[in-house]
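Presented below is the structure to which this report refers.
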Amino acid sequence: MRTLKAVIVEDSRLARNELKELIKAHQEIEIVGEAENVDKGFKLINEKKPDLLFLDINMPEKDGFELLEMLDEVPITIFTTAFDEYAIKSFEYNAFDYLLKPIDQKRFTNSIKKVHQNLNTKVLSKSKNDSALSLDKQIFIKDGERCWLVKIQDIFMFEIVGNYTRVFLKNTSH
Amino acid sequence: MNVKKIVYWLLQILIWSLLTGTMAFAYWVNGNELELEYWQITLDFFIIILLSIFYTHQLKRTLNKLIQFDDLKIMDCFQILAFLVIAVVLFYATYMLYIKFTYTLIYDRVDVFDHPSQSLSNNIIFIINYCVYFFVWTGFYVAIKGLVELNKSRETRLELESNLKESQLNTLKGQINPHFMFNSLNNIRGLMLEDVTAARNMLTSLSETLRYSLTKSESNSIALEDELDMVKNYIELSKIQLESRLQFESFIDENSLSTQIPPMIIQMLIENAIKHGISNLIEGGKVSLSTEIKKNKLRIEVVNTGILKQSENSTQMGLKNIKRRLDLLYGESATFSLNELENQVVATILIPLK
(Lines give C-alpha, C1' and ligand atoms only; values in the text may rest on other atoms or scores of the structure.)
Protein backbone atom coordinates (compact mmCIF):
# COMPACT_ATOMS: atom_id res chain seq x y z
CA MET A 1 0.00 0.00 0.00
CA ARG A 2 1.35 3.39 -0.91
CA THR A 3 1.85 6.09 1.71
CA LEU A 4 -0.79 8.78 1.90
CA LYS A 5 0.04 12.29 2.99
CA ALA A 6 -2.91 13.68 4.90
CA VAL A 7 -3.93 17.06 6.27
CA ILE A 8 -6.62 17.66 8.91
CA VAL A 9 -8.57 20.91 8.88
CA GLU A 10 -10.85 21.02 11.91
CA ASP A 11 -11.41 23.74 14.49
CA SER A 12 -11.83 21.58 17.57
CA ARG A 13 -8.57 20.27 19.05
CA LEU A 14 -10.27 17.28 20.66
CA ALA A 15 -11.93 16.37 17.40
CA ARG A 16 -8.51 16.46 15.70
CA ASN A 17 -7.12 14.18 18.41
CA GLU A 18 -10.03 11.85 17.96
CA LEU A 19 -9.43 11.71 14.21
CA LYS A 20 -5.71 11.10 14.71
CA GLU A 21 -6.60 8.20 16.97
CA LEU A 22 -8.67 6.69 14.15
CA ILE A 23 -5.86 7.25 11.68
CA LYS A 24 -3.39 5.39 13.95
CA ALA A 25 -4.90 2.12 12.71
CA HIS A 26 -3.71 3.00 9.21
CA GLN A 27 0.04 3.21 9.29
CA GLU A 28 0.26 4.13 5.64
CA ILE A 29 -1.36 7.47 6.39
CA GLU A 30 1.09 10.13 7.39
CA ILE A 31 -0.35 13.28 8.90
CA VAL A 32 1.74 16.08 7.45
CA GLY A 33 -0.13 18.90 9.11
CA GLU A 34 -3.25 20.08 10.85
CA ALA A 35 -5.03 23.42 10.89
CA GLU A 36 -7.82 24.87 13.00
CA ASN A 37 -9.23 27.23 10.41
CA VAL A 38 -9.62 27.64 6.67
CA ASP A 39 -6.90 30.24 6.09
CA LYS A 40 -4.26 28.21 7.93
CA GLY A 41 -5.51 25.10 6.16
CA PHE A 42 -5.19 26.79 2.77
CA LYS A 43 -1.51 27.67 3.41
CA LEU A 44 -0.79 24.21 4.74
CA ILE A 45 -2.31 22.41 1.76
CA ASN A 46 -0.49 24.58 -0.78
CA GLU A 47 2.74 23.96 1.07
CA LYS A 48 2.47 20.21 1.71
CA LYS A 49 0.41 19.11 -1.30
CA PRO A 50 -1.27 16.24 0.58
CA ASP A 51 -3.02 13.32 -1.11
CA LEU A 52 -5.81 13.29 1.39
CA LEU A 53 -7.74 16.00 3.21
CA PHE A 54 -9.95 15.50 6.27
CA LEU A 55 -12.18 18.54 6.33
CA ASP A 56 -14.68 19.80 8.86
CA ILE A 57 -17.51 21.98 7.50
CA ASN A 58 -18.42 24.36 10.34
CA MET A 59 -15.42 26.49 11.16
CA PRO A 60 -14.97 30.11 12.21
CA GLU A 61 -15.18 32.81 9.51
CA LYS A 62 -14.95 30.46 6.52
CA ASP A 63 -16.44 27.01 6.18
CA GLY A 64 -15.00 23.87 4.61
CA PHE A 65 -16.69 24.51 1.26
CA GLU A 66 -14.99 27.88 1.01
CA LEU A 67 -11.62 26.19 1.50
CA LEU A 68 -12.30 23.89 -1.45
CA GLU A 69 -13.28 26.89 -3.57
CA MET A 70 -9.99 28.62 -2.71
CA LEU A 71 -7.81 25.66 -3.70
CA ASP A 72 -6.52 25.20 -7.24
CA GLU A 73 -5.55 21.60 -6.68
CA VAL A 74 -7.97 19.76 -4.47
CA PRO A 75 -6.74 16.63 -2.64
CA ILE A 76 -9.05 13.67 -2.16
CA THR A 77 -11.46 15.16 0.37
CA ILE A 78 -13.25 13.36 3.17
CA PHE A 79 -15.70 15.59 4.99
CA THR A 80 -16.09 15.08 8.71
CA THR A 81 -19.07 16.75 10.30
CA ALA A 82 -21.39 16.29 13.23
CA PHE A 83 -24.67 16.38 11.36
CA ASP A 84 -25.76 15.40 7.88
CA GLU A 85 -27.46 18.60 6.75
CA TYR A 86 -24.58 19.23 4.32
CA ALA A 87 -24.35 15.74 2.83
CA ILE A 88 -25.85 16.64 -0.54
CA LYS A 89 -23.95 19.89 -0.82
CA SER A 90 -20.69 18.12 -0.05
CA PHE A 91 -21.11 15.81 -3.03
CA GLU A 92 -21.63 18.85 -5.22
CA TYR A 93 -18.11 19.70 -4.14
CA ASN A 94 -16.90 16.28 -5.28
CA ALA A 95 -16.45 15.00 -1.77
CA PHE A 96 -14.83 11.61 -1.81
CA ASP A 97 -16.67 10.59 1.32
CA TYR A 98 -18.70 12.05 4.12
CA LEU A 99 -18.15 10.84 7.67
CA LEU A 100 -20.38 11.67 10.61
CA LYS A 101 -18.78 12.43 13.97
CA PRO A 102 -18.28 10.51 16.19
CA ILE A 103 -16.76 8.37 13.45
CA ASP A 104 -17.04 4.61 13.51
CA GLN A 105 -13.66 2.88 13.06
CA LYS A 106 -15.06 0.36 10.56
CA ARG A 107 -16.71 3.06 8.53
CA PHE A 108 -13.43 4.96 8.57
CA THR A 109 -11.45 1.94 7.41
CA ASN A 110 -13.87 1.39 4.53
CA SER A 111 -13.46 4.95 3.45
CA ILE A 112 -9.65 4.65 3.45
CA LYS A 113 -9.88 1.40 1.50
CA LYS A 114 -11.89 3.21 -1.14
CA VAL A 115 -9.22 5.89 -1.29
CA HIS A 116 -6.59 3.25 -2.03
CA GLN A 117 -8.75 1.62 -4.70
CA ASN A 118 -9.36 4.97 -6.28
CA LEU A 119 -5.65 5.80 -6.35
CA ASN A 120 -4.78 2.37 -7.75
CA THR A 121 -7.17 2.72 -10.68
CA LYS A 122 -5.79 6.16 -11.35
CA VAL A 123 -2.27 4.74 -11.36
CA LEU A 124 -3.42 1.92 -13.57
CA SER A 125 -5.04 4.17 -16.14
CA LYS A 126 -2.02 6.46 -16.07
CA SER A 127 0.26 3.57 -16.85
CA LYS A 128 -1.95 2.71 -19.85
CA ASN A 129 -0.93 5.84 -21.64
CA ASP A 130 -3.49 8.07 -19.89
CA SER A 131 -6.27 6.80 -22.13
CA ALA A 132 -9.60 7.86 -20.71
CA LEU A 133 -11.54 4.73 -21.57
CA SER A 134 -9.95 1.51 -22.69
CA LEU A 135 -11.74 -1.36 -24.43
CA ASP A 136 -12.16 -3.46 -21.30
CA LYS A 137 -13.61 -0.54 -19.25
CA GLN A 138 -17.28 -0.49 -18.46
CA ILE A 139 -19.62 2.48 -18.68
CA PHE A 140 -22.83 3.07 -16.84
CA ILE A 141 -25.98 3.61 -18.89
CA LYS A 142 -29.32 4.65 -17.53
CA ASP A 143 -32.32 3.69 -19.65
CA GLY A 144 -35.50 5.01 -18.01
CA GLU A 145 -35.68 3.11 -14.74
CA ARG A 146 -33.21 0.45 -15.80
CA CYS A 147 -29.45 0.66 -15.51
CA TRP A 148 -26.77 -1.15 -17.47
CA LEU A 149 -23.07 -1.63 -17.14
CA VAL A 150 -21.69 -1.95 -20.65
CA LYS A 151 -18.23 -2.86 -21.80
CA ILE A 152 -16.77 -0.39 -24.27
CA GLN A 153 -15.79 -3.21 -26.64
CA ASP A 154 -19.45 -4.32 -26.84
CA ILE A 155 -20.61 -0.99 -28.22
CA PHE A 156 -21.39 -1.01 -31.91
CA MET A 157 -22.29 2.67 -32.37
CA PHE A 158 -23.81 5.81 -30.74
CA GLU A 159 -26.71 7.64 -32.34
CA ILE A 160 -27.80 11.10 -31.19
CA VAL A 161 -31.61 11.40 -31.09
CA GLY A 162 -32.65 14.85 -29.89
CA ASN A 163 -31.66 15.08 -26.23
CA TYR A 164 -30.94 11.37 -26.06
CA THR A 165 -28.12 9.18 -27.13
CA ARG A 166 -29.01 5.77 -28.49
CA VAL A 167 -26.37 3.14 -27.84
CA PHE A 168 -26.20 0.18 -30.18
CA LEU A 169 -24.60 -2.89 -28.70
CA LYS A 170 -23.35 -5.94 -30.50
CA ASN A 171 -26.63 -7.75 -29.99
CA THR A 172 -29.21 -5.15 -29.00
CA SER A 173 -29.74 -1.40 -28.65
CA HIS A 174 -30.66 0.94 -25.72
CA MET B 1 -61.20 50.71 9.22
CA ASN B 2 -61.83 47.03 9.70
CA VAL B 3 -65.11 45.24 9.17
CA LYS B 4 -65.91 45.08 12.88
CA LYS B 5 -65.73 48.87 13.19
CA ILE B 6 -67.87 49.44 10.11
CA VAL B 7 -70.52 47.05 11.42
CA TYR B 8 -70.39 48.76 14.81
CA TRP B 9 -70.98 52.22 13.37
CA LEU B 10 -73.68 51.06 10.98
CA LEU B 11 -75.52 49.36 13.84
CA GLN B 12 -75.14 52.47 16.02
CA ILE B 13 -76.69 54.69 13.35
CA LEU B 14 -79.40 52.18 12.53
CA ILE B 15 -80.50 51.42 16.11
CA TRP B 16 -80.60 55.00 17.34
CA SER B 17 -82.23 56.32 14.17
CA LEU B 18 -84.98 53.70 14.39
CA LEU B 19 -85.63 54.34 18.06
CA THR B 20 -85.58 58.12 17.79
CA GLY B 21 -87.51 58.00 14.51
CA THR B 22 -90.28 56.06 16.24
CA MET B 23 -90.43 58.69 18.98
CA ALA B 24 -90.58 61.49 16.42
CA PHE B 25 -93.28 59.68 14.52
CA ALA B 26 -95.32 59.19 17.73
CA TYR B 27 -95.03 62.87 18.55
CA TRP B 28 -96.18 63.77 15.06
CA VAL B 29 -99.13 61.38 15.14
CA ASN B 30 -100.19 62.78 18.53
CA GLY B 31 -100.79 66.09 16.79
CA ASN B 32 -97.66 68.12 17.43
CA GLU B 33 -98.90 69.48 20.78
CA LEU B 34 -96.10 72.02 21.03
CA GLU B 35 -96.88 73.44 17.59
CA LEU B 36 -93.32 73.22 16.44
CA GLU B 37 -92.02 73.78 12.94
CA TYR B 38 -91.39 70.69 10.88
CA TRP B 39 -87.61 71.36 10.69
CA GLN B 40 -87.42 72.06 14.42
CA ILE B 41 -88.77 68.61 15.19
CA THR B 42 -86.39 67.04 12.71
CA LEU B 43 -83.42 68.93 14.11
CA ASP B 44 -84.28 68.06 17.73
CA PHE B 45 -84.58 64.37 16.98
CA PHE B 46 -81.45 64.45 14.88
CA ILE B 47 -79.60 65.94 17.87
CA ILE B 48 -81.00 63.15 20.05
CA ILE B 49 -79.61 60.57 17.61
CA LEU B 50 -76.19 62.22 17.64
CA LEU B 51 -76.12 62.48 21.43
CA SER B 52 -77.22 58.85 21.89
CA ILE B 53 -74.49 57.64 19.57
CA PHE B 54 -71.92 59.92 21.18
CA TYR B 55 -72.66 58.91 24.76
CA THR B 56 -73.01 55.19 24.11
CA HIS B 57 -69.73 55.38 22.27
CA GLN B 58 -68.05 57.11 25.21
CA LEU B 59 -69.60 54.52 27.51
CA LYS B 60 -68.13 51.76 25.35
CA ARG B 61 -64.68 53.35 25.41
CA THR B 62 -64.75 53.67 29.18
CA LEU B 63 -65.86 50.07 29.61
CA ASN B 64 -63.16 48.84 27.23
CA LYS B 65 -60.54 50.55 29.35
CA LEU B 66 -61.81 49.34 32.70
CA ILE B 67 -63.44 45.96 32.23
CA GLN B 68 -61.91 42.58 31.44
CA PHE B 69 -64.65 41.16 29.26
CA ASP B 70 -63.41 37.59 29.25
CA ASP B 71 -63.41 37.54 33.04
CA LEU B 72 -66.50 39.42 34.25
CA LYS B 73 -66.94 39.77 38.02
CA ILE B 74 -70.02 40.93 39.95
CA MET B 75 -68.17 44.09 40.92
CA ASP B 76 -67.70 44.80 37.24
CA CYS B 77 -71.46 44.69 36.70
CA PHE B 78 -72.00 47.38 39.34
CA GLN B 79 -69.28 49.43 37.75
CA ILE B 80 -70.95 49.06 34.36
CA LEU B 81 -74.31 50.14 35.82
CA ALA B 82 -72.73 53.19 37.45
CA PHE B 83 -71.11 54.32 34.22
CA LEU B 84 -74.37 53.68 32.39
CA VAL B 85 -76.29 56.00 34.73
CA ILE B 86 -73.61 58.68 34.44
CA ALA B 87 -73.79 58.40 30.65
CA VAL B 88 -77.59 58.84 30.67
CA VAL B 89 -77.40 61.83 33.04
CA LEU B 90 -74.78 63.50 30.87
CA PHE B 91 -76.85 62.71 27.81
CA TYR B 92 -79.93 64.27 29.38
CA ALA B 93 -78.00 67.33 30.59
CA THR B 94 -76.51 68.02 27.18
CA TYR B 95 -79.87 67.63 25.49
CA MET B 96 -81.54 70.00 27.99
CA LEU B 97 -78.78 72.56 27.46
CA TYR B 98 -79.39 72.37 23.76
CA ILE B 99 -83.19 72.71 24.18
CA LYS B 100 -82.96 75.64 26.63
CA PHE B 101 -80.48 77.39 24.39
CA THR B 102 -82.36 77.03 21.13
CA TYR B 103 -85.91 77.52 22.44
CA THR B 104 -85.07 80.51 24.66
CA LEU B 105 -82.48 82.38 22.65
CA ILE B 106 -83.09 81.42 19.03
CA TYR B 107 -86.70 80.33 18.52
CA ASP B 108 -88.00 82.61 21.31
CA ARG B 109 -90.48 79.91 22.41
CA VAL B 110 -90.18 80.00 26.23
CA ASP B 111 -93.81 78.90 26.36
CA VAL B 112 -92.96 75.28 25.47
CA PHE B 113 -91.33 74.81 28.86
CA ASP B 114 -94.66 75.45 30.58
CA HIS B 115 -96.48 72.93 28.43
CA PRO B 116 -97.82 69.92 30.43
CA SER B 117 -95.80 67.53 28.25
CA GLN B 118 -92.60 69.08 29.64
CA SER B 119 -93.52 68.44 33.28
CA LEU B 120 -90.99 67.13 35.77
CA SER B 121 -92.58 63.67 35.82
CA ASN B 122 -92.40 63.45 32.05
CA ASN B 123 -88.74 64.42 32.18
CA ILE B 124 -88.07 61.70 34.74
CA ILE B 125 -89.85 59.19 32.52
CA PHE B 126 -87.65 60.37 29.64
CA ILE B 127 -84.52 59.72 31.74
CA ILE B 128 -85.77 56.31 32.87
CA ASN B 129 -86.60 55.39 29.27
CA TYR B 130 -83.10 56.25 28.21
CA CYS B 131 -81.67 54.31 31.16
CA VAL B 132 -83.52 51.28 29.79
CA TYR B 133 -82.34 51.92 26.21
CA PHE B 134 -78.72 52.34 27.35
CA PHE B 135 -79.05 49.29 29.57
CA VAL B 136 -80.22 47.09 26.72
CA TRP B 137 -77.52 48.55 24.48
CA THR B 138 -74.80 47.87 27.06
CA GLY B 139 -76.15 44.38 27.70
CA PHE B 140 -75.80 43.52 24.04
CA TYR B 141 -72.40 45.13 23.83
CA VAL B 142 -70.99 43.32 26.86
CA ALA B 143 -72.40 40.00 25.67
CA ILE B 144 -70.92 40.31 22.19
CA LYS B 145 -67.62 41.67 23.45
CA GLY B 146 -67.43 38.94 26.10
CA LEU B 147 -67.93 36.23 23.48
CA VAL B 148 -65.32 37.70 21.18
CA GLU B 149 -62.80 38.06 24.02
CA LEU B 150 -63.50 34.58 25.27
CA ASN B 151 -62.81 33.21 21.81
CA LYS B 152 -59.67 35.27 21.58
CA SER B 153 -58.28 34.06 24.88
CA ARG B 154 -59.08 30.51 23.90
CA GLU B 155 -57.17 31.00 20.65
CA THR B 156 -54.23 32.45 22.53
CA ARG B 157 -54.22 29.49 24.86
CA LEU B 158 -54.38 27.03 21.97
CA GLU B 159 -51.58 28.83 20.20
CA LEU B 160 -49.49 28.80 23.33
CA GLU B 161 -50.03 25.09 23.68
CA SER B 162 -49.10 24.36 20.09
CA ASN B 163 -46.12 26.68 20.32
CA LEU B 164 -44.95 24.85 23.39
CA LYS B 165 -45.29 21.52 21.63
CA GLU B 166 -43.33 22.92 18.75
CA SER B 167 -40.59 24.10 21.04
CA GLN B 168 -40.52 20.73 22.75
CA LEU B 169 -39.84 19.22 19.37
CA ASN B 170 -37.28 21.90 18.76
CA THR B 171 -35.41 20.98 21.89
CA LEU B 172 -34.28 17.90 20.04
CA LYS B 173 -34.54 19.28 16.54
CA GLY B 174 -33.40 22.82 16.92
CA GLN B 175 -32.83 24.09 20.39
CA ILE B 176 -30.37 21.53 21.62
CA ASN B 177 -29.30 21.27 18.09
CA PRO B 178 -27.91 18.01 16.76
CA HIS B 179 -24.67 19.70 15.77
CA PHE B 180 -24.09 20.58 19.37
CA MET B 181 -25.03 17.13 20.58
CA PHE B 182 -22.86 15.16 18.17
CA ASN B 183 -19.95 17.55 18.42
CA SER B 184 -20.12 17.17 22.19
CA LEU B 185 -20.16 13.39 21.93
CA ASN B 186 -17.24 13.44 19.53
CA ASN B 187 -15.26 15.82 21.72
CA ILE B 188 -15.91 13.62 24.73
CA ARG B 189 -14.52 10.70 22.76
CA GLY B 190 -11.43 12.75 22.04
CA LEU B 191 -11.20 13.90 25.64
CA MET B 192 -11.15 10.30 26.86
CA LEU B 193 -7.74 9.90 25.25
CA GLU B 194 -6.24 12.53 27.51
CA ASP B 195 -8.39 12.96 30.61
CA VAL B 196 -10.89 10.29 31.51
CA THR B 197 -12.21 12.09 34.59
CA ALA B 198 -12.95 15.22 32.61
CA ALA B 199 -14.61 13.11 29.92
CA ARG B 200 -16.81 11.45 32.51
CA ASN B 201 -17.87 14.84 33.85
CA MET B 202 -18.68 16.03 30.37
CA LEU B 203 -20.88 13.01 29.78
CA THR B 204 -22.80 13.95 32.91
CA SER B 205 -23.14 17.53 31.69
CA LEU B 206 -24.44 16.32 28.36
CA SER B 207 -26.96 14.03 30.07
CA GLU B 208 -28.16 16.90 32.27
CA THR B 209 -28.55 19.13 29.24
CA LEU B 210 -30.57 16.54 27.39
CA ARG B 211 -32.68 15.72 30.43
CA TYR B 212 -33.48 19.37 30.99
CA SER B 213 -34.50 19.99 27.42
CA LEU B 214 -36.60 16.83 27.34
CA THR B 215 -38.46 17.25 30.61
CA LYS B 216 -38.44 20.85 31.76
CA SER B 217 -39.53 22.36 28.49
CA GLU B 218 -42.98 20.85 29.02
CA SER B 219 -43.81 23.45 31.62
CA ASN B 220 -44.50 27.11 30.99
CA SER B 221 -42.24 28.37 33.70
CA ILE B 222 -39.24 27.35 35.71
CA ALA B 223 -37.09 28.92 38.42
CA LEU B 224 -34.24 30.95 36.99
CA GLU B 225 -31.86 29.00 39.22
CA ASP B 226 -32.67 25.75 37.38
CA GLU B 227 -32.20 27.39 34.02
CA LEU B 228 -28.77 28.61 35.18
CA ASP B 229 -27.72 25.01 35.90
CA MET B 230 -28.63 24.16 32.34
CA VAL B 231 -26.64 27.14 31.07
CA LYS B 232 -23.64 26.09 33.16
CA ASN B 233 -23.68 22.61 31.61
CA TYR B 234 -24.10 24.04 28.15
CA ILE B 235 -21.10 26.35 28.64
CA GLU B 236 -18.96 23.47 29.94
CA LEU B 237 -19.75 21.45 26.84
CA SER B 238 -19.16 24.38 24.54
CA LYS B 239 -15.79 24.91 26.19
CA ILE B 240 -14.53 21.48 25.22
CA GLN B 241 -15.38 22.37 21.62
CA LEU B 242 -14.09 25.94 21.60
CA GLU B 243 -11.55 25.68 24.44
CA SER B 244 -9.71 28.98 25.02
CA ARG B 245 -11.77 30.69 22.34
CA LEU B 246 -14.75 30.85 24.69
CA GLN B 247 -14.74 32.94 27.85
CA PHE B 248 -17.81 33.13 29.99
CA GLU B 249 -18.77 35.29 32.92
CA SER B 250 -22.01 35.82 34.75
CA PHE B 251 -23.41 38.41 37.11
CA ILE B 252 -26.48 37.01 38.81
CA ASP B 253 -28.72 39.06 41.06
CA GLU B 254 -29.36 36.91 44.16
CA ASN B 255 -32.95 38.10 44.26
CA SER B 256 -33.62 36.83 40.76
CA LEU B 257 -32.80 33.19 41.49
CA SER B 258 -36.32 32.15 42.41
CA THR B 259 -38.01 34.18 39.67
CA GLN B 260 -40.11 32.08 37.32
CA ILE B 261 -39.12 32.27 33.67
CA PRO B 262 -40.06 30.31 30.54
CA PRO B 263 -37.71 27.33 30.26
CA MET B 264 -34.91 27.35 27.68
CA ILE B 265 -35.12 31.10 27.20
CA ILE B 266 -31.70 32.01 28.66
CA GLN B 267 -30.30 28.85 27.17
CA MET B 268 -31.42 29.94 23.70
CA LEU B 269 -29.83 33.36 24.13
CA ILE B 270 -26.55 31.74 25.19
CA GLU B 271 -26.72 29.28 22.33
CA ASN B 272 -27.27 32.09 19.85
CA ALA B 273 -24.37 34.04 21.33
CA ILE B 274 -22.03 31.08 20.99
CA LYS B 275 -23.26 29.69 17.69
CA HIS B 276 -23.54 32.94 15.78
CA GLY B 277 -21.06 35.00 17.76
CA ILE B 278 -18.05 33.27 19.31
CA SER B 279 -17.79 30.18 17.10
CA ASN B 280 -17.53 32.41 14.02
CA LEU B 281 -14.50 34.24 15.39
CA ILE B 282 -11.05 32.75 14.91
CA GLU B 283 -9.77 34.43 18.06
CA GLY B 284 -12.98 33.65 19.93
CA GLY B 285 -14.51 36.02 22.44
CA LYS B 286 -16.47 36.49 25.58
CA VAL B 287 -20.09 35.78 26.53
CA SER B 288 -21.46 37.46 29.62
CA LEU B 289 -24.79 36.81 31.24
CA SER B 290 -26.39 39.11 33.77
CA THR B 291 -29.71 39.13 35.57
CA GLU B 292 -31.18 41.95 37.57
CA ILE B 293 -34.45 42.80 39.28
CA LYS B 294 -35.45 46.39 38.88
CA LYS B 295 -38.76 48.23 38.96
CA ASN B 296 -40.74 45.02 39.35
CA LYS B 297 -39.17 43.54 36.23
CA LEU B 298 -36.60 40.85 35.64
CA ARG B 299 -33.90 41.88 33.21
CA ILE B 300 -31.84 39.19 31.49
CA GLU B 301 -28.94 40.33 29.38
CA VAL B 302 -26.56 38.27 27.26
CA VAL B 303 -23.63 40.07 25.65
CA ASN B 304 -21.22 38.48 23.20
CA THR B 305 -18.28 39.58 21.13
CA GLY B 306 -19.15 39.86 17.46
CA ILE B 307 -21.44 41.65 15.06
CA LEU B 308 -25.08 41.13 14.13
CA LYS B 309 -25.64 39.23 10.93
CA GLN B 310 -29.09 40.04 9.64
CA SER B 311 -28.98 37.63 6.75
CA GLU B 312 -28.66 34.44 8.73
CA ASN B 313 -31.95 32.64 8.75
CA SER B 314 -31.21 30.34 11.62
CA THR B 315 -30.56 33.25 14.00
CA GLN B 316 -33.80 34.86 12.99
CA MET B 317 -35.68 31.63 13.58
CA GLY B 318 -34.37 31.15 17.09
CA LEU B 319 -34.94 34.77 17.99
CA LYS B 320 -38.43 34.80 16.53
CA ASN B 321 -39.19 31.78 18.65
CA ILE B 322 -38.11 33.65 21.80
CA LYS B 323 -40.15 36.70 20.85
CA ARG B 324 -43.21 34.64 20.05
CA ARG B 325 -43.08 32.75 23.34
CA LEU B 326 -42.73 35.93 25.36
CA ASP B 327 -45.62 37.49 23.44
CA LEU B 328 -47.89 34.54 24.11
CA LEU B 329 -46.98 34.26 27.77
CA TYR B 330 -46.83 37.89 28.81
CA GLY B 331 -48.47 39.92 26.04
CA GLU B 332 -46.94 43.34 25.65
CA SER B 333 -45.50 43.50 29.16
CA ALA B 334 -42.42 41.47 28.23
CA THR B 335 -39.89 42.73 25.71
CA PHE B 336 -37.00 41.28 23.81
CA SER B 337 -34.36 43.25 21.94
CA LEU B 338 -31.16 42.52 20.08
CA ASN B 339 -28.66 45.29 19.45
CA GLU B 340 -25.13 45.76 18.26
CA LEU B 341 -22.89 47.98 20.34
CA GLU B 342 -19.16 48.55 19.76
CA ASN B 343 -18.39 45.11 18.38
CA GLN B 344 -20.70 43.45 20.85
CA VAL B 345 -24.12 41.93 20.41
CA VAL B 346 -26.48 42.63 23.28
CA ALA B 347 -29.64 40.57 23.75
CA THR B 348 -32.02 41.82 26.43
CA ILE B 349 -35.20 40.31 27.82
CA LEU B 350 -37.49 42.12 30.23
CA ILE B 351 -40.08 40.00 32.02
CA PRO B 352 -42.67 41.39 34.46
CA LEU B 353 -42.66 39.84 37.94
CA LYS B 354 -45.94 38.19 38.81
Side-chain angles (χ1 to χ4, degrees), chain A residues 8-25 31 34-44 54-67 70 78-90 98-108 111, chain B residues 172-203 205-206 236-246 271 273-285 304-307 309 311-315 317:
Chain A
I8 301 173
V9 181
E10 153 81 71
D11 62 331
S12 157
R13 184 184 64 86
L14 288 173
R16 291 198 298 272
N17 281 357
E18 168 61 24
L19 193 56
K20 281 189 277 185
E21 186 69 16
L22 289 168
I23 293 173
K24 270 187 194 165
I31 300 162
E34 47 187 286
E36 75 260 24
N37 60 53
V38 166
D39 288 325
K40 284 186 183 167
F42 178 70
K43 258 191 218 159
L44 191 66
F54 293 101
L55 181 59
D56 185 18
I57 294 175
N58 286 322
M59 280 181 287
E61 286 186 13
K62 293 180 185 136
D63 65 20
F65 297 121
E66 283 170 274
L67 173 61
M70 286 158 71
I78 296 178
F79 279 107
T80 61
T81 187
F83 194 53
D84 62 359
E85 59 184 331
Y86 298 113
I88 292 171
K89 192 176 176 189
S90 75
Y98 187 88
L99 299 176
L100 290 174
K101 294 186 280 194
I103 301 164
D104 174 43
Q105 182 81 57
K106 263 193 212 155
R107 177 77 181 76
F108 184 80
S111 187
Chain B
L172 273 184
K173 270 169 38 189
Q175 291 183 352
I176 288 296
N177 74 42
H179 256 289
F180 173 79
M181 206 171 74
F182 291 118
N183 269 327
S184 297
L185 284 168
N186 191 50
N187 288 327
I188 292 171
R189 236 178 98 122
L191 190 59
M192 279 175 180
L193 299 170
E194 54 187 50
D195 186 345
V196 177
T197 314
R200 286 168 49 123
N201 289 338
M202 284 305 131
L203 265 183
S205 288
L206 184 60
E236 297 283 312
L237 289 164
S238 299
K239 268 192 177 158
I240 58 169
Q241 164 86 10
L242 300 166
E243 298 197 315
S244 60
R245 284 167 60 211
L246 171 64
E271 188 180 321
I274 292 178
K275 198 164 132 198
H276 303 288
I278 311 304
S279 72
N280 281 326
L281 302 169
I282 286 181
E283 298 299 323
N304 69 272
T305 324
I307 47 165
K309 271 193 258 174
S311 56
E312 261 186 273
N313 289 333
S314 46
T315 338
M317 274 298 291

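Hydrogens, waters and symmetry mates play no part in the numbers below; they use all other heavy atoms, side chains included. In the text below, chain A, chain B and the rest are named by the order of the sequence lines, each starting its count at 1.
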Counting only heavy atoms closer than 4.5 Å, note whether [X] contacts chain B via side chain, backbone, both or neither.
X	result
A:I57	neither
A:N17	both
A:L100	neither
A:D63	neither

> What are the two closest heavy atoms between A:S12 and B:I240, and how far apart are they?
Replying inline: OG-O, 4.4 Å
> Once you round to the nearest 0.5 Å, how far does CG of B:N280 lie from CD of A:E61?
Replying inline: 8.0 Å
>> Distance check, rounded to the nearest 0.5 Å: B:N183 atom CG versus A:T81 atom OG1?
In response: 7.0 Å
>> Going by the rule side chain to side chain contact (heavy atoms under 4.5 Å, CB included), which residues pair with A:D11 if we only count those two or more places apart in sequence or in a different chain?
In response: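 Only A:D56, A:M59, A:P60, B:Q241, B:R245 meet the side chain to side chain contact (heavy atoms under 4.5 Å, CB included) criterion with A:D11.
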>> Applying side-chain contact (heavy atoms from CB on, under 4.5 Å) to B:H179 and A:F83, what does each step give before you reach the verdict?
In response: CA-CA 6 Å; B:H179 256 289; A:F83 194 53; 3.9 Å; yes
>> Non-hydrogen contacts under 4.5 angstrom with chain A: give the residues of residues 184-194 of chain B involved, or none if there are none.
In response: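 B:L185, B:N186, B:N187, B:R189, B:G190, B:L191, B:L193, B:E194 fall under the 4.5 Å cut-off.
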> What do you reckon, is CD of A:Q105 surrounded by more than 12 foreign heavy atoms closer than 6.0 Å?
Replying inline: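 It does: A:Q105 CD has more than 12 such atoms within range.
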